[in-house]
2 protein chains.
Amino acid sequence: MTGDIPAVDGDRPLRADARRNRDQILGAARDVFVEHGANAPLELIAKRAGTGIATLYRRFPDRAALMRAVVLQAWRRTEEIATSAADEEPDPFRALIHYMHSALDIRVAAVVPALLAEIAELDDVEMQTARGRAAQRVQALIDGAHRSGALRPDVTFADIGLLVVRLSRPLPGSMSRELNDELAHRHLQLLVHGLRAEPDGDVKIQGPALSLEELNRSGPLAPPR
Amino acid sequence: MTGDIPAVDGDRPLRADARRNRDQILGAARDVFVEHGANAPLELIAKRAGTGIATLYRRFPDRAALMRAVVLQAWRRTEEIATSAADEEPDPFRALIHYMHSALDIRVAAVVPALLAEIAELDDVEMQTARGRAAQRVQALIDGAHRSGALRPDVTFADIGLLVVRLSRPLPGSMSRELNDELAHRHLQLLVHGLRAEPDGDVKIQGPALSLEELNRSGPLAPPR
DNA sequence: GGGCAAGCGGAAAGACTTCCTCCACTTTCG
DNA sequence: CGAAAGTGGAGGAAGTCTTTCCGCTTGCCC
(Lines give C-alpha, C1' and ligand atoms only; values in the text may rest on other atoms or scores of the structure.)
Protein backbone atom coordinates (compact mmCIF):
# COMPACT_ATOMS: atom_id res chain seq x y z
CA MET A 1 0.00 0.00 0.00
CA THR A 2 2.76 2.44 -0.82
CA GLY A 3 1.31 4.14 -3.88
CA ASP A 4 4.19 6.51 -3.98
CA ILE A 5 4.60 9.42 -6.25
CA PRO A 6 8.09 9.51 -7.73
CA ALA A 7 10.38 11.63 -5.65
CA VAL A 8 11.07 14.02 -8.48
CA ASP A 9 9.13 17.04 -9.53
CA GLY A 10 10.51 16.69 -12.98
CA ASP A 11 14.26 17.02 -12.61
CA ARG A 12 16.32 17.07 -9.46
CA PRO A 13 15.49 14.65 -6.61
CA LEU A 14 14.17 16.29 -3.48
CA ARG A 15 16.12 16.44 -0.28
CA ALA A 16 14.95 13.86 2.27
CA ASP A 17 13.13 16.31 4.51
CA ALA A 18 11.46 17.98 1.55
CA ARG A 19 10.32 14.66 0.23
CA ARG A 20 8.83 13.81 3.60
CA ASN A 21 6.97 17.10 3.73
CA ARG A 22 5.67 16.64 0.22
CA ASP A 23 4.15 13.30 1.13
CA GLN A 24 2.65 14.73 4.30
CA ILE A 25 1.04 17.51 2.32
CA LEU A 26 -0.35 15.13 -0.25
CA GLY A 27 -1.92 12.98 2.44
CA ALA A 28 -3.30 15.93 4.32
CA ALA A 29 -4.67 17.38 1.11
CA ARG A 30 -6.55 14.21 0.37
CA ASP A 31 -8.18 14.17 3.79
CA VAL A 32 -8.97 17.84 3.86
CA PHE A 33 -10.43 17.79 0.37
CA VAL A 34 -12.55 14.82 1.34
CA GLU A 35 -13.83 16.50 4.46
CA HIS A 36 -14.14 20.11 3.33
CA GLY A 37 -14.52 19.93 -0.43
CA ALA A 38 -12.36 21.16 -3.24
CA ASN A 39 -12.36 24.77 -2.01
CA ALA A 40 -10.89 24.01 1.38
CA PRO A 41 -8.34 26.62 2.51
CA LEU A 42 -4.83 25.57 1.59
CA GLU A 43 -3.66 26.82 4.95
CA LEU A 44 -5.72 24.10 6.61
CA ILE A 45 -3.94 21.50 4.53
CA ALA A 46 -0.55 22.87 5.47
CA LYS A 47 -1.46 22.89 9.14
CA ARG A 48 -2.77 19.34 8.98
CA ALA A 49 0.46 18.29 7.29
CA GLY A 50 2.47 19.95 10.03
CA THR A 51 4.22 22.35 7.68
CA GLY A 52 4.02 26.03 6.89
CA ILE A 53 1.91 27.37 4.08
CA ALA A 54 5.00 28.41 2.15
CA THR A 55 6.19 24.84 1.96
CA LEU A 56 2.98 23.84 0.30
CA TYR A 57 3.25 26.63 -2.24
CA ARG A 58 6.86 25.83 -2.97
CA ARG A 59 6.01 22.27 -3.89
CA PHE A 60 2.70 22.94 -5.62
CA PRO A 61 2.62 26.27 -7.39
CA ASP A 62 -1.13 26.58 -7.17
CA ARG A 63 -4.26 24.84 -6.03
CA ALA A 64 -4.75 23.06 -9.34
CA ALA A 65 -1.29 21.52 -9.20
CA LEU A 66 -1.99 20.15 -5.75
CA MET A 67 -5.32 18.75 -6.81
CA ARG A 68 -3.77 17.17 -9.82
CA ALA A 69 -1.14 15.45 -7.68
CA VAL A 70 -3.79 14.15 -5.30
CA VAL A 71 -5.85 12.74 -8.13
CA LEU A 72 -2.83 11.18 -9.78
CA GLN A 73 -1.86 9.45 -6.57
CA ALA A 74 -5.43 8.27 -6.17
CA TRP A 75 -5.48 6.64 -9.60
CA ARG A 76 -2.20 4.92 -8.92
CA ARG A 77 -3.39 3.56 -5.61
CA THR A 78 -6.60 2.40 -7.19
CA GLU A 79 -4.63 0.39 -9.69
CA GLU A 80 -2.65 -1.13 -6.85
CA ILE A 81 -5.58 -2.18 -4.75
CA ALA A 82 -7.50 -3.52 -7.72
CA THR A 83 -4.50 -5.57 -8.71
CA SER A 84 -3.90 -6.99 -5.29
CA ALA A 85 -7.59 -7.75 -4.79
CA ALA A 86 -7.51 -9.82 -7.96
CA ASP A 87 -4.32 -11.53 -6.85
CA GLU A 88 -5.39 -12.33 -3.32
CA GLU A 89 -8.96 -13.54 -3.88
CA PRO A 90 -9.43 -16.48 -6.21
CA ASP A 91 -13.20 -16.03 -6.24
CA PRO A 92 -14.04 -13.20 -8.67
CA PHE A 93 -17.02 -11.86 -6.77
CA ARG A 94 -15.10 -11.76 -3.52
CA ALA A 95 -12.23 -10.06 -5.30
CA LEU A 96 -14.56 -7.28 -6.41
CA ILE A 97 -15.94 -6.80 -2.93
CA HIS A 98 -12.45 -6.86 -1.49
CA TYR A 99 -11.50 -4.11 -3.90
CA MET A 100 -14.47 -2.02 -2.83
CA HIS A 101 -13.55 -2.32 0.83
CA SER A 102 -9.98 -1.30 0.05
CA ALA A 103 -11.23 1.66 -1.95
CA LEU A 104 -13.10 2.87 1.13
CA ASP A 105 -9.88 2.68 3.11
CA ILE A 106 -7.89 4.85 0.75
CA ARG A 107 -10.75 7.33 0.35
CA VAL A 108 -10.03 7.49 -3.31
CA ALA A 109 -13.59 7.68 -4.54
CA ALA A 110 -14.46 10.40 -2.11
CA VAL A 111 -11.77 12.72 -3.34
CA VAL A 112 -11.36 12.11 -7.04
CA PRO A 113 -14.70 13.22 -8.44
CA ALA A 114 -14.88 16.26 -6.23
CA LEU A 115 -11.51 17.45 -7.48
CA LEU A 116 -11.79 16.43 -11.10
CA ALA A 117 -14.81 18.62 -11.54
CA GLU A 118 -12.58 21.59 -10.75
CA ILE A 119 -9.50 20.82 -12.80
CA ALA A 120 -9.28 22.17 -16.31
CA GLU A 121 -6.61 20.04 -17.97
CA LEU A 122 -7.33 16.38 -17.75
CA ASP A 123 -5.99 15.65 -21.14
CA ASP A 124 -2.39 15.41 -20.07
CA VAL A 125 -0.79 12.08 -20.76
CA GLU A 126 0.39 11.15 -17.30
CA MET A 127 -3.11 11.51 -15.91
CA GLN A 128 -4.79 9.73 -18.78
CA THR A 129 -2.60 6.67 -18.51
CA ALA A 130 -2.87 6.43 -14.73
CA ARG A 131 -6.61 6.71 -15.04
CA GLY A 132 -6.81 4.23 -17.88
CA ARG A 133 -4.76 1.64 -16.05
CA ALA A 134 -6.88 1.93 -12.92
CA ALA A 135 -10.15 1.76 -14.85
CA GLN A 136 -8.94 -1.27 -16.75
CA ARG A 137 -8.16 -3.16 -13.56
CA VAL A 138 -11.50 -2.38 -12.01
CA GLN A 139 -13.34 -3.26 -15.18
CA ALA A 140 -11.53 -6.58 -15.17
CA LEU A 141 -12.76 -7.26 -11.64
CA ILE A 142 -16.32 -6.51 -12.68
CA ASP A 143 -16.09 -8.60 -15.83
CA GLY A 144 -14.74 -11.50 -13.84
CA ALA A 145 -17.53 -11.28 -11.30
CA HIS A 146 -20.09 -11.10 -14.09
CA ARG A 147 -18.62 -14.12 -15.85
CA SER A 148 -18.65 -16.14 -12.67
CA GLY A 149 -22.38 -15.48 -12.44
CA ALA A 150 -22.17 -14.16 -8.89
CA LEU A 151 -22.60 -10.47 -9.67
CA ARG A 152 -26.00 -9.21 -10.79
CA PRO A 153 -25.83 -8.91 -14.56
CA ASP A 154 -27.33 -5.42 -14.64
CA VAL A 155 -24.67 -3.91 -12.38
CA THR A 156 -22.35 -1.70 -14.41
CA PHE A 157 -19.00 -0.04 -13.94
CA ALA A 158 -20.73 3.21 -13.12
CA ASP A 159 -22.81 1.54 -10.44
CA ILE A 160 -19.78 0.13 -8.69
CA GLY A 161 -17.82 3.35 -8.98
CA LEU A 162 -20.61 5.60 -7.83
CA LEU A 163 -21.65 3.33 -5.01
CA VAL A 164 -18.11 3.46 -3.71
CA VAL A 165 -18.31 7.24 -3.95
CA ARG A 166 -21.48 7.27 -1.91
CA LEU A 167 -20.05 4.95 0.69
CA SER A 168 -16.71 6.62 1.09
CA ARG A 169 -17.81 10.21 1.52
CA PRO A 170 -17.90 11.03 5.21
CA LEU A 171 -21.36 11.46 6.66
CA PRO A 172 -22.14 15.02 7.65
CA GLY A 173 -22.11 15.77 11.35
CA SER A 174 -19.88 15.42 14.29
CA MET A 175 -19.11 11.72 14.34
CA SER A 176 -15.54 10.55 14.64
CA ARG A 177 -13.47 9.48 11.71
CA GLU A 178 -13.31 5.95 13.11
CA LEU A 179 -17.06 5.56 13.43
CA ASN A 180 -17.49 6.96 9.97
CA ASP A 181 -15.13 4.41 8.51
CA GLU A 182 -16.71 1.54 10.35
CA LEU A 183 -20.13 2.56 9.15
CA ALA A 184 -18.91 2.79 5.56
CA HIS A 185 -17.72 -0.80 5.68
CA ARG A 186 -20.89 -1.89 7.40
CA HIS A 187 -23.04 -0.28 4.77
CA LEU A 188 -20.99 -1.84 2.01
CA GLN A 189 -21.78 -5.21 3.52
CA LEU A 190 -25.45 -4.35 3.58
CA LEU A 191 -25.21 -3.35 -0.05
CA VAL A 192 -23.57 -6.62 -0.95
CA HIS A 193 -26.14 -8.74 0.81
CA GLY A 194 -29.20 -6.57 0.38
CA LEU A 195 -31.67 -5.35 2.96
CA ARG A 196 -33.97 -8.33 2.61
CA ALA A 197 -33.51 -11.15 5.07
CA GLU A 198 -32.02 -14.20 3.41
CA PRO A 199 -34.21 -17.30 3.59
CA ASP A 200 -31.29 -19.58 4.45
CA GLY A 201 -30.13 -17.58 7.44
CA ASP A 202 -28.41 -14.22 7.25
CA VAL A 203 -24.72 -13.66 6.97
CA LYS A 204 -23.81 -11.59 10.02
CA ILE A 205 -23.15 -7.95 9.17
CA GLN A 206 -20.16 -6.47 10.99
CA GLY A 207 -19.79 -2.98 12.39
CA PRO A 208 -21.64 -0.63 14.71
CA ALA A 209 -25.37 -1.39 14.76
CA LEU A 210 -26.59 1.89 16.18
CA SER A 211 -30.04 2.50 17.57
CA LEU A 212 -31.79 5.83 17.21
CA GLU A 213 -30.56 6.93 20.61
CA GLU A 214 -26.97 5.94 19.98
CA LEU A 215 -27.08 7.72 16.66
CA ASN A 216 -28.32 10.87 18.32
CA ARG A 217 -25.60 10.71 20.88
CA SER A 218 -22.66 10.30 18.56
CA GLY A 219 -23.97 10.96 15.13
CA PRO A 220 -24.88 13.53 12.56
CA LEU A 221 -28.17 14.33 14.20
CA ALA A 222 -26.61 14.98 17.54
CA PRO A 223 -27.05 18.28 19.31
CA PRO A 224 -23.54 19.58 18.89
CA ARG A 225 -21.03 20.61 21.58
CA MET B 1 -47.14 16.08 -0.27
CA THR B 2 -47.75 19.60 0.94
CA GLY B 3 -45.75 19.66 4.13
CA ASP B 4 -46.60 23.25 4.67
CA ILE B 5 -45.24 25.50 7.27
CA PRO B 6 -47.96 27.53 8.95
CA ALA B 7 -48.40 30.84 7.23
CA VAL B 8 -47.58 32.79 10.34
CA ASP B 9 -44.27 33.81 11.70
CA GLY B 10 -45.79 34.01 15.13
CA ASP B 11 -48.46 36.68 14.91
CA ARG B 12 -49.96 38.34 11.84
CA PRO B 13 -50.64 36.23 8.73
CA LEU B 14 -48.46 37.05 5.74
CA ARG B 15 -49.77 38.73 2.66
CA ALA B 16 -50.32 36.30 -0.21
CA ASP B 17 -47.27 37.33 -2.22
CA ALA B 18 -45.08 37.32 0.84
CA ARG B 19 -46.30 33.87 1.72
CA ARG B 20 -45.48 32.68 -1.77
CA ASN B 21 -42.00 34.12 -1.58
CA ARG B 22 -41.40 32.57 1.78
CA ASP B 23 -42.19 29.13 0.39
CA GLN B 24 -40.02 29.73 -2.64
CA ILE B 25 -37.13 30.69 -0.40
CA LEU B 26 -37.58 27.66 1.78
CA GLY B 27 -37.54 25.35 -1.22
CA ALA B 28 -34.56 27.06 -2.78
CA ALA B 29 -32.74 26.97 0.54
CA ARG B 30 -33.21 23.23 0.78
CA ASP B 31 -31.81 22.66 -2.69
CA VAL B 32 -28.93 25.07 -2.33
CA PHE B 33 -27.95 23.69 1.06
CA VAL B 34 -28.05 20.20 -0.40
CA GLU B 35 -25.88 21.14 -3.33
CA HIS B 36 -23.48 23.63 -1.78
CA GLY B 37 -23.43 22.77 1.90
CA ALA B 38 -24.51 24.68 4.96
CA ASN B 39 -22.27 27.66 4.19
CA ALA B 40 -23.77 28.40 0.81
CA PRO B 41 -24.15 32.13 0.13
CA LEU B 42 -27.60 33.34 1.07
CA GLU B 43 -27.62 35.47 -2.05
CA LEU B 44 -27.60 32.28 -4.11
CA ILE B 45 -30.65 31.07 -2.29
CA ALA B 46 -32.47 34.33 -2.91
CA LYS B 47 -31.59 34.23 -6.59
CA ARG B 48 -32.72 30.63 -6.92
CA ALA B 49 -35.98 31.56 -5.25
CA GLY B 50 -36.45 34.41 -7.67
CA THR B 51 -36.46 37.07 -4.97
CA GLY B 52 -34.09 39.75 -3.78
CA ILE B 53 -31.75 39.18 -0.90
CA ALA B 54 -33.65 41.64 1.26
CA THR B 55 -36.76 39.53 1.07
CA LEU B 56 -34.89 36.60 2.46
CA TYR B 57 -33.54 38.65 5.34
CA ARG B 58 -36.94 40.13 6.06
CA ARG B 59 -38.44 36.68 6.53
CA PHE B 60 -35.49 34.98 8.21
CA PRO B 61 -33.47 37.32 10.38
CA ASP B 62 -30.29 35.31 10.02
CA ARG B 63 -28.81 32.19 8.56
CA ALA B 64 -29.65 30.08 11.59
CA ALA B 65 -33.33 30.98 11.40
CA LEU B 66 -33.46 29.92 7.79
CA MET B 67 -31.73 26.66 8.52
CA ARG B 68 -34.04 25.99 11.37
CA ALA B 69 -37.08 26.50 9.15
CA VAL B 70 -35.66 24.17 6.50
CA VAL B 71 -35.02 21.46 9.04
CA LEU B 72 -38.43 21.87 10.61
CA GLN B 73 -40.13 21.51 7.25
CA ALA B 74 -37.98 18.46 6.54
CA TRP B 75 -39.09 16.72 9.72
CA ARG B 76 -42.72 17.45 8.98
CA ARG B 77 -42.47 16.09 5.47
CA THR B 78 -40.70 13.04 6.77
CA GLU B 79 -43.59 12.34 9.05
CA GLU B 80 -45.97 12.73 6.13
CA ILE B 81 -44.20 10.38 3.77
CA ALA B 82 -43.62 7.79 6.46
CA THR B 83 -47.29 7.89 7.31
CA SER B 84 -48.48 7.58 3.75
CA ALA B 85 -46.01 4.81 3.00
CA ALA B 86 -47.46 2.83 5.88
CA ASP B 87 -50.99 3.59 4.71
CA GLU B 88 -50.48 2.77 1.06
CA GLU B 89 -48.41 -0.41 1.28
CA PRO B 90 -49.92 -3.29 3.19
CA ASP B 91 -46.68 -5.26 3.09
CA PRO B 92 -44.40 -3.88 5.83
CA PHE B 93 -41.13 -4.40 3.99
CA ARG B 94 -42.43 -2.73 0.87
CA ALA B 95 -43.75 0.11 2.98
CA LEU B 96 -40.27 0.72 4.35
CA ILE B 97 -38.72 0.71 0.88
CA HIS B 98 -41.48 2.97 -0.37
CA TYR B 99 -40.64 5.40 2.41
CA MET B 100 -36.96 5.35 1.50
CA HIS B 101 -37.71 6.17 -2.13
CA SER B 102 -39.95 9.05 -1.06
CA ALA B 103 -37.24 10.31 1.25
CA LEU B 104 -34.88 10.53 -1.72
CA ASP B 105 -37.45 12.61 -3.56
CA ILE B 106 -37.84 15.20 -0.85
CA ARG B 107 -34.06 15.33 -0.27
CA VAL B 108 -34.68 15.42 3.42
CA ALA B 109 -31.81 13.26 4.49
CA ALA B 110 -29.37 15.16 2.39
CA VAL B 111 -30.12 18.44 4.03
CA VAL B 112 -30.98 17.74 7.63
CA PRO B 113 -27.71 16.39 9.00
CA ALA B 114 -25.64 18.97 7.18
CA LEU B 115 -27.64 21.78 8.74
CA LEU B 116 -28.18 20.34 12.16
CA ALA B 117 -24.48 20.17 12.73
CA GLU B 118 -24.38 23.94 12.44
CA ILE B 119 -27.37 24.97 14.52
CA ALA B 120 -26.88 25.71 18.16
CA GLU B 121 -30.34 25.45 19.69
CA LEU B 122 -32.01 22.16 18.97
CA ASP B 123 -33.67 21.97 22.32
CA ASP B 124 -36.60 24.11 21.37
CA VAL B 125 -39.95 22.40 21.70
CA GLU B 126 -41.30 22.83 18.20
CA MET B 127 -38.26 21.16 16.70
CA GLN B 128 -38.14 18.38 19.24
CA THR B 129 -41.72 17.35 18.68
CA ALA B 130 -41.51 17.49 14.89
CA ARG B 131 -38.40 15.38 15.06
CA GLY B 132 -39.86 12.98 17.56
CA ARG B 133 -42.99 12.42 15.51
CA ALA B 134 -41.00 11.75 12.35
CA ALA B 135 -38.62 9.38 14.10
CA GLN B 136 -41.49 7.51 15.65
CA ARG B 137 -43.14 6.91 12.27
CA VAL B 138 -39.94 5.69 10.69
CA GLN B 139 -39.16 3.46 13.63
CA ALA B 140 -42.62 1.97 13.26
CA LEU B 141 -41.91 1.15 9.62
CA ILE B 142 -38.67 -0.56 10.58
CA ASP B 143 -40.28 -2.47 13.43
CA GLY B 144 -43.04 -3.66 11.15
CA ALA B 145 -40.58 -4.85 8.53
CA HIS B 146 -38.57 -6.64 11.20
CA ARG B 147 -41.63 -8.34 12.61
CA SER B 148 -42.71 -9.52 9.20
CA GLY B 149 -39.34 -11.23 8.88
CA ALA B 150 -38.55 -9.63 5.55
CA LEU B 151 -35.99 -7.09 6.78
CA ARG B 152 -32.59 -8.33 7.89
CA PRO B 153 -32.71 -8.47 11.68
CA ASP B 154 -29.39 -6.69 12.14
CA VAL B 155 -30.47 -3.59 10.24
CA THR B 156 -31.05 -0.71 12.65
CA PHE B 157 -32.68 2.70 12.56
CA ALA B 158 -29.30 4.29 12.09
CA ASP B 159 -28.53 2.07 9.14
CA ILE B 160 -31.71 3.03 7.34
CA GLY B 161 -31.32 6.69 8.13
CA LEU B 162 -27.69 6.91 7.17
CA LEU B 163 -28.11 4.87 4.03
CA VAL B 164 -30.78 7.30 2.92
CA VAL B 165 -28.34 10.10 3.64
CA ARG B 166 -25.70 8.46 1.49
CA LEU B 167 -28.13 7.87 -1.33
CA SER B 168 -29.74 11.26 -1.37
CA ARG B 169 -26.67 13.43 -1.39
CA PRO B 170 -25.91 14.50 -4.92
CA LEU B 171 -22.85 12.92 -6.46
CA PRO B 172 -20.03 15.37 -7.01
CA GLY B 173 -19.45 16.48 -10.56
CA SER B 174 -21.28 17.94 -13.43
CA MET B 175 -24.12 15.50 -13.93
CA SER B 176 -27.65 16.81 -14.22
CA ARG B 177 -30.08 16.85 -11.36
CA GLU B 178 -32.31 14.36 -13.21
CA LEU B 179 -29.55 11.83 -13.74
CA ASN B 180 -28.52 12.21 -10.15
CA ASP B 181 -32.01 11.47 -8.92
CA GLU B 182 -32.44 8.50 -11.20
CA LEU B 183 -29.16 7.06 -10.02
CA ALA B 184 -30.15 7.51 -6.40
CA HIS B 185 -33.27 5.45 -6.91
CA ARG B 186 -31.36 2.88 -8.92
CA HIS B 187 -28.78 2.49 -6.18
CA LEU B 188 -31.47 2.16 -3.57
CA GLN B 189 -32.84 -0.75 -5.54
CA LEU B 190 -29.40 -2.31 -5.66
CA LEU B 191 -29.15 -1.87 -1.92
CA VAL B 192 -32.48 -3.54 -1.38
CA HIS B 193 -31.68 -6.53 -3.53
CA GLY B 194 -27.94 -6.76 -2.96
CA LEU B 195 -25.12 -6.97 -5.46
CA ARG B 196 -25.13 -10.72 -5.61
CA ALA B 197 -27.10 -12.36 -8.39
CA GLU B 198 -30.19 -14.05 -7.07
CA PRO B 199 -30.34 -17.77 -7.79
CA ASP B 200 -33.99 -17.70 -8.79
CA GLY B 201 -33.57 -15.04 -11.45
CA ASP B 202 -32.91 -11.37 -10.74
CA VAL B 203 -35.49 -8.71 -10.23
CA LYS B 204 -34.81 -6.16 -12.93
CA ILE B 205 -33.17 -3.01 -11.59
CA GLN B 206 -34.55 0.21 -13.06
CA GLY B 207 -32.67 3.34 -13.95
CA PRO B 208 -29.66 4.36 -16.00
CA ALA B 209 -27.16 1.49 -16.33
CA LEU B 210 -24.14 3.51 -17.36
CA SER B 211 -20.97 2.06 -18.81
CA LEU B 212 -17.58 3.55 -18.09
CA GLU B 213 -17.73 5.60 -21.27
CA GLU B 214 -21.19 6.95 -20.61
CA LEU B 215 -20.17 7.82 -17.09
CA ASN B 216 -17.19 9.74 -18.39
CA ARG B 217 -19.30 11.62 -20.82
CA SER B 218 -21.98 12.78 -18.44
CA GLY B 219 -20.71 12.07 -15.01
CA PRO B 220 -18.54 13.20 -12.18
CA LEU B 221 -15.37 12.06 -13.87
CA ALA B 222 -16.09 13.95 -17.02
CA PRO B 223 -13.71 16.54 -18.37
CA PRO B 224 -15.77 19.60 -17.56
CA ARG B 225 -17.23 22.28 -19.88
C1' DG C 1 -61.36 51.60 -7.48
C1' DG C 2 -58.64 54.28 -4.08
C1' DG C 3 -55.65 54.63 -0.16
C1' DC C 4 -52.11 52.77 2.46
C1' DA C 5 -49.76 49.26 5.10
C1' DA C 6 -46.99 45.66 3.74
C1' DG C 7 -43.75 44.02 0.75
C1' DC C 8 -40.10 44.40 -2.68
C1' DG C 9 -35.23 44.61 -5.04
C1' DG C 10 -30.70 45.91 -5.42
C1' DA C 11 -26.78 48.85 -4.28
C1' DA C 12 -23.12 49.31 -1.30
C1' DA C 13 -20.55 49.68 3.19
C1' DG C 14 -18.18 46.83 6.09
C1' DA C 15 -16.64 42.47 8.10
C1' DC C 16 -14.41 38.47 7.32
C1' DT C 17 -11.79 34.94 4.68
C1' DT C 18 -8.28 33.34 1.72
C1' DC C 19 -4.37 33.86 -1.32
C1' DC C 20 0.33 34.11 -2.00
C1' DT C 21 4.84 36.49 -1.70
C1' DC C 22 8.91 37.75 0.74
C1' DC C 23 12.82 37.11 3.67
C1' DA C 24 15.50 35.95 7.78
C1' DC C 25 16.53 31.59 9.77
C1' DT C 26 17.43 26.26 9.81
C1' DT C 27 18.70 21.78 7.89
C1' DT C 28 20.77 18.46 4.91
C1' DC C 29 24.54 16.38 2.80
C1' DG C 30 28.89 16.16 -0.07
C1' DC D 1 31.97 22.69 7.68
C1' DG D 2 29.98 25.41 4.17
C1' DA D 3 26.94 26.01 0.39
C1' DA D 4 22.70 24.83 -1.50
C1' DA D 5 18.27 23.58 -0.40
C1' DG D 6 14.54 24.01 2.48
C1' DT D 7 11.54 26.25 6.09
C1' DG D 8 7.74 29.07 8.66
C1' DG D 9 4.86 32.79 9.28
C1' DA D 10 3.69 37.72 8.90
C1' DG D 11 0.98 40.70 6.27
C1' DG D 12 -0.81 43.32 2.20
C1' DA D 13 -3.84 42.34 -1.78
C1' DA D 14 -7.91 40.40 -3.50
C1' DG D 15 -11.98 38.36 -3.08
C1' DT D 16 -16.38 36.80 -0.83
C1' DC D 17 -20.34 37.16 2.08
C1' DT D 18 -23.37 39.69 5.20
C1' DT D 19 -26.59 43.00 6.27
C1' DT D 20 -28.81 47.43 6.13
C1' DC D 21 -31.13 51.19 3.95
C1' DC D 22 -34.42 53.47 0.97
C1' DG D 23 -37.23 54.67 -3.00
C1' DC D 24 -40.55 52.06 -5.56
C1' DT D 25 -44.46 48.39 -6.18
C1' DT D 26 -48.25 45.39 -4.85
C1' DG D 27 -52.07 43.23 -2.48
C1' DC D 28 -55.94 44.05 0.44
C1' DC D 29 -59.83 46.27 2.80
C1' DC D 30 -63.28 49.58 2.62
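Letters A, B, ... mirror the listed sequences (proteins, then strands); counts begin at 1. From a predicted model like this one, the values you see are computed outputs, not experimental measurements.
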Handout entry: Evaluation steps, side-chain contact (heavy atoms from CB on, under 4.5 Å), between B:L183 and A:R166
Key = CA-CA 11 Å; B:L183 283 170; A:R166 292 192 194 281; 4.1 Å; yes
Rounded to the Å, how far apart are [X] [atom1] and [N] [atom2]?
X	N	atom1	atom2	result
A:F60	C:dC19	CZ	C1'	17 Å
B:R19	C:dC8	CZ	P	13 Å
A:R59	C:dC20	CZ	P	17 Å
A:R63	D:dG15	CZ	P	15 Å
B:L56	C:dG10	CG	C1'	14 Å
A:L42	C:dT21	CG	P	12 Å
B:N39	D:dC17	CG	C1'	11 Å
B:L66	D:dC17	CG	P	16 Å

Problem - Residue A:R58, side-chain atoms from C-beta onward, closest of C:dC19, D:dT18, D:dG8 - result: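 Among the listed nucleotides, the one closest to the side chain of A:R58 is D:dG8.
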Side-chain donor-acceptor pair present, [X], [Y], cut-off under 3.5 Å:
X	Y	result
B:Q139	B:D143	yes
A:N21	A:R15	no
A:T83	A:E80	no

Problem - Nucleotide-resolved protein contact map, nucleotides 25-30 of chain D, B/S/- at heavy-atom distance under 4.0 Å - result: -BSS--
Problem - Side-chain heavy atoms of B:T129 within contact of B:W75, under 4.5 Å - result: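 No, too far: nothing below the 4.5 Å cut-off.
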Exercise for the section: Using atom types as modelled and distance alone, determine if a side-chain donor or acceptor of A:D159 lies under 3.5 Å from a backbone N or O of B:A209. Expected result: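 Not a single qualifying donor-acceptor pair exists.
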Fill in the blank from the handout: Rounded to the nearest 0.5 Å, the OH atom of B:Y99 sits from the CD atom of B:E88 at a distance of 14.5 Å
Exercise for the section: Working to the nearest 0.5 Å, report the span between CD1 of A:I45 and CZ of A:R30. Expected result: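 Nearest 0.5 Å value for the CD1-CZ distance: 12.0 Å.
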Exercise for the section: Report the C-alpha distance between A:E35 and A:R107 in whole Å, list the side-chain angles of each, state the deciding distance to 0.1 Å, and finish with yes or no for side-chain contact (heavy atoms from CB on, under 4.5 Å). Expected result: CA-CA 11 Å; A:E35 287 158 31; A:R107 310 188 106 189; 3.3 Å; yes
Exercise for the section: Look at all strands and tell whether B:N21 reaches a base, only sugar-phosphate, or nothing, counting heavy atoms closer than 4.0 Å. Expected result: sugar-phosphate
Exercise for the section: Check each residue of residues 43-54 of chain B for a non-hydrogen atom within less than 4.0 Å of any atom in DNA chain C, then write out the ones that pass by number, or none. Expected result: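 Close to the strand are B:G50, B:T51, B:G52, B:I53, B:A54.
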